[in-house]
K.L.:
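Have a look at this one before I ask anything.
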Amino acid sequence: MSDPFATPEEEKSPVRRLRGRLAAPVTLWTAPGPAGLTVSSMLVADGEPGRVLGLLDEESDLWEAIAEKEVFTVAPLGPGDRQLADRFAGLMPAAGGLFAGGSWTETAYGPVGRALWAGCRLVSSRPCGWAVLVEGVIETITVDTVEPPLIHYRGRYRELP
């Protein structure tokens with residue numbers, strides 16, 4: 001089944017076509033406010049300290065909250081989180097607000113609702129393409145469970161076999 005509103009493949013920019021062929025993790029970023037956004041354009045850089053880099057919509061509530069508070073969380077989502085990912089991406093209604101329902105724990109870095117999450121401090125940002133490149137130093141990581149990741153590939157969510 002195809003999306004009748006999707007841009008036809010031949011009309012997409014070559015950059016968009018390349019990006020669509022790269023599997024990306026589906027993560028939820030949050031910040032005090034609260035604000036949150038589903039982010040797939042991100043990576044983790046190991047080191048001392050570890051870092052998180054992500055491309056955010058510069059007009060998003062999340063970027064505004066991160067720029068103001070200078071902290072944020074990053075939580076990988078799993079196969080059961082498709083509706084949560086769509087809600088925070090603005091693709092699904094959020095009756096009562098993005099954080100209504102579910103169990104959220106307030107942290108110094110923003111609300112978290114997953115067992116695996118990282119608390120980050122903003123260290124730099126700059127325009128990058130049609131987004132803002134955000135770099136954060138990982139200050140804390142909580143790992144409670146191991147769950148397979150939710151992947152975004154060619155415009156759809158996928159799971160690892």
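Computed from a predicted model, the values in this text were never measured in an experiment.
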K.L.:
Kindly compute the distance separating OG1 (Thr27) from CG (Leu37), expressed to the nearest 0.5 Å.
P.N.:
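Separation between the atoms: 8.5 Å.
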K.L.:
Among Glu139, Arg121, Lys69, find the one that has a side-chain hydrogen bond (donor to acceptor under 3.5 Å, both in side chains) with Tyr109.
P.N.:
Glu139
K.L.:
If you take all heavy atoms of Pro34 and Pro111, which pair is closest and at what distance?
P.N.:
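It is CB-CG, 3.6 Å.
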K.L.:
Could you check whether any side-chain heavy atom of Leu53 comes within less than 4.5 Å of a side-chain heavy atom of Val44, counting everything from C-beta outward?
P.N.:
no
K.L.:
Quick one, Trp104 and Val112 - any side-chain contact, counting heavy atoms below 4.5 Å?
P.N.:
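Sidechains of Val112 and Trp104: no contact.
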K.L.:
Taking all heavy atoms of Pro148 and all of Pro79, pick out the closest pair and write down the distance.
P.N.:
O-CD, 3.0 Å
K.L.:
Can Glu58 and Trp130 be said to form a side chain to side chain contact (heavy atoms under 4.5 Å, CB included), step by step?
P.N.:
CA-CA 8 Å; Glu58 66 182 335; Trp130 291 335; over 6 Å; no
K.L.:
Which heavy atom of Tyr153 sits nearest to which heavy atom of Leu22, and what is that distance?
P.N.:
CD1-C, 4.1 Å
K.L.:
Asp81 vs Arg114, test: side chain to side chain contact (heavy atoms under 4.5 Å, CB included). Steps then yes/no.
P.N.:
CA-CA 10 Å; Asp81 296 321; Arg114 311 265 84 39; 2.7 Å; yes
K.L.:
Compare all side-chain heavy atoms of Leu62 with those of Leu56 and state whether any distance is below 4.5 angstrom.
P.N.:
yes
K.L.:
Hey, are the side chains of Trp29 and Phe88 touching, using non-hydrogen atoms and a 4.5 Å cut-off?
P.N.:
no
K.L.:
Count the heavy atoms belonging to other residues, nucleotides or ligands that lie under 6.0 Å from CG of Asp86, then report whether that count exceeds 12.
P.N.:
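Atom CG in Asp86 is packed in, count exceeds 12.
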K.L.:
Any heavy-atom pair between the side chains of Arg51 and Glu135 that's under 4.5 Å?
P.N.:
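Contact flag for Glu135/Arg51 side chains = yes.
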